[in-house]
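In what follows, a structure is listed as structure tokens, so that the remarks can point back to it.
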Protein chains: 2
Amino acid sequence: MKLQQLRYIVEVLNHNLNVSATAENLFTSQPGISKQVRMLEDELGIQIFERSGKHLTKVTPAGKEIIRYSTEILGKVESIKAVANQYTMPDQGTLNIATTHTQARYALPDVIKGFIKRYPKVSLHMHQGTPTQISESVVKGKTDFAIATEALHLYQDLIMLPCYHWNRSVIVPKDHPLANIKHLTIDDIAKHPIVTYIFGFTGRSELDEAFNAAGYKPDVVFTATDADVIKTYVRLGLGVGVIATMAINEDDDFCVLDASHIFKSSLTSIGFRKGSFLRDYMYDFMVRFAPHLTRPLVEKAIQLKYTAEVNKLFEDIELPTR
Amino acid sequence: MKLQQLRYIVEVLNHNLNVSATAENLFTSQPGISKQVRMLEDELGIQIFERSGKHLTKVTPAGKEIIRYSTEILGKVESIKAVANQYTMPDQGTLNIATTHTQARYALPDVIKGFIKRYPKVSLHMHQGTPTQISESVVKGKTDFAIATEALHLYQDLIMLPCYHWNRSVIVPKDHPLANIKHLTIDDIAKHPIVTYIFGFTGRSELDEAFNAAGYKPDVVFTATDADVIKTYVRLGLGVGVIATMAINEDDDFCVLDASHIFKSSLTSIGFRKGSFLRDYMYDFMVRFAPHLTRPLVEKAIQLKYTAEVNKLFEDIELPTR
DNA sequence: CGGGCTTACGAATATCGTAACGATA
DNA sequence: TATCGTTACGATATTCGTAAGCCCG
């Protein structure tokens, strides 16, 4: 059994059982992978993939278990490399952050500015995507951190730590009927078409919840993944914008109405893969992003097995609101 | 990085940093290991072992972490093989049991008799040793199960499940002053020299505890690891024997006095390595040895992280006493 | 000076890529 | 018929064992 063989079966599965695509992605030849997979199967005396003729069609039950173990093995191999790098060049390495537009654009810039100043030799890569893509990217070990507001809790292999709460604001053009309202209510908003985040993004579910609770079916006429696009369409008069308060700039030419009393606040979390070795600078990144995530606290959280236990750990900690 | 390299560094550590001994044990050449170790160090860019001249003297801090990850990796590699074997030949394989003389001689024979009848193709190996040796053997993956009464709880990487309680009896020659006593007390025993298990074996600590609590310093004149030897010396008139009740045969020519009211009962447990894949026949072995250890219960225990949680799981289960 | 690690070197083996083949949808 | 996996084969690397060298206790 070779590590490469394990790598191959994992990657073949990650590429929907398409060996050619896998080969291309790994910069190697397709027959090479094919042969190694077969050799592993021969050695173990069991099929990992089912074949119809010469196409891989599905993963056998045994294959599923084997691939799960293989993934864990490869993760630990990465950890060994990380340990070595930690000792040889503690301030050098790579940091891959998977996150949504909202975080990348509004929450992270200051943190990252400070971080790259302290660690100029760490090369930083931002991967934008949907919350689902973000989570999977971390689970598969392609990125180190997931930062998002939704969907992260669905993955059992992620350790998720709460970072901060945030609220929404309503934005309307200055000549809009709502512009000069004194106390905004959900009834006011419900009278107008709404422009907001696409479903599954940036705390969208809290918005739907509030409308449902008030007995409204919101007239969402336009959705986007990010506040910048939403603002553009609010400017065009498409409707009332509902965006994260932190996405509002000083010099925006809108009327901004706080809506923290209307919608429940959302929680942004940072997550990483269970069992992965964290470099010193990764601990430092976390504490920069969320000051309460001190190294001892994070290390304590790593020890825990269930999300429920992690949540309990943070019960008494007051999270900032932005 | 190769699996073999990881195997080598782990084994070199297991052989007290003696590469030659490691090579002999692994049936390979010493220079081969030496070279692979060095190549791994070169690849990682870090020393795993410290050398004084050409001798390996100690493990570096980084090396310790790397070897810990390597051990986990190798364990999972074994799990992959076990998964494959489980599917190809569910009733065939190996079962290595590490245990003490007491268990091997008195508790296990019936279980094993039934087991080999059901699984004639599973080759069974018994490894006798001290509780410490037993635990280490399982931790290192040399054996599948540890069965013992003491010391198992000290190892964090073992999952330990309680099996049964047992009590002690006092044995004396038929012409001994204690032979015809009606109600045995600790004061009676304390008047005589004692022959019992060696320290660290077979619930020896409960014996010492009872004497201490009663304010006695027991006059232990002879100790052994097993009841057979103890019996021999009791026969010679060396003193009063205190042994596990289950170690008494029908046809022993002793006067046997139950001592369950004098010494706290001891608990025998079965343990296996965290994260190891258990074959079907291993689950079956456990349930044969301790009927309350059903597969669902064991699987639940495997999920838990801390010994305290495991103990809680067994709180409401009544264990047999033998 | 003896046990024990490293270096050197050659034989056996494994890996990987190209090219040709075969099967499925 | 096009896409995709398998087989065949040769060039290149890697591994492993033997033999010789060297260092510490």
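Letters go in sequence order (proteins before strands), and every chain restarts at 1.
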Euclidean distance, atom CZ of residue Arg7(A) to atom C1' of dT15(C) [Å, nearest integer]
14 Å
Could you give the CD-to-P distance, from Gln4(A) to dA13(D), as a whole number of Å?
15 Å
Lys/Arg-Asp/Glu bridge criterion (N-O < 4.0 Å) met for Glu41(B), Arg38(B)
no
Calculate the interatomic distance between Arg38(A) atom CZ and dA14(C) atom C1'; express it in whole Å.
18 Å
What's the CE-C1' distance between Met39(A) and dA8(D), to the nearest Å?
15 Å
Are the charged groups of Asp284(A) and Arg279(A) less than 4.0 angstrom apart, N to O?
no
Please write out the pairs of protein N or O atoms and N or O atoms of nucleotides 18-25 of chain C separated by less than 3.5 Å, giving the distance to one decimal.
| from | atom 1 | to | atom 2 | distance (Å) |
| --- | --- | --- | --- | --- |
| dA25(C) | OP1 | Ser52(A) | OG | 3.3 |

Below 4.0 angstrom from OP1 or OP2 of dG5(D), is there any side-chain N or O of Arg51(A)?
no
Any ion pair linking Lys140(B) and Glu11(B) (charged N to carboxylate O, less than 4.0 Å)?
no
Contact under 4.0 Å: Gln36(B) side-chain N or O vs dT14(D) OP1/OP2:
no
Rounded to whole angstrom units, what separation is found between the CD atom of Gln5(B) and the C1' atom of dT14(D)?
11 Å
Taken to the nearest whole Å, CD/Glu24(B) to C1'/dG17(D) is 15 Å
Check every atom of dC4(D), dG4(C), dG17(C) against the side chain of Asn18(A) and return the nucleotide holding the closest atom.
dC4(D)
Specify whether Phe145(A) and Phe272(A) have parallel, tilted or perpendicular ring planes, treating 30° as the upper limit for parallel and 60° as the lower limit for perpendicular.
perpendicular
Is Glu299(B) salt-bridged to Arg295(B), cutoff N-O under 4.0 Å?
yes
Just to confirm, is there a sub-4.0 Å distance from OP1 or OP2 of dT15(D) to any side-chain nitrogen or oxygen of Lys2(B)?
yes
Rounded to whole Å, the NZ-C1' distance (Lys35(B) to dG10(C)) equals 12 Å
Do NZ/NE/NH1/NH2 and the carboxylate oxygens of Arg105(B) and Asp228(B) come within less than 4.0 Å?
yes
Using a heavy-atom cut-off of under 4.0 Å over every strand shown, decide if Leu26(A) touches base, sugar-phosphate, or nothing.
nothing
Measuring to OP1 and OP2 of dT3(D), would you say a side-chain N or O of Ser20(A) lies under 4.0 angstrom away?
no
Whole-Å distance, His15(A) NE2 to dG5(D) P, equals 12 Å
Scan Ile33(A) against the nucleic acid and name what it touches under 4.0 Å (heavy atoms): base, sugar-phosphate only, or nothing.
nothing
Does a side-chain N-to-carboxylate-O contact under 4.0 Å join Lys76(A) and Glu72(A)?
no
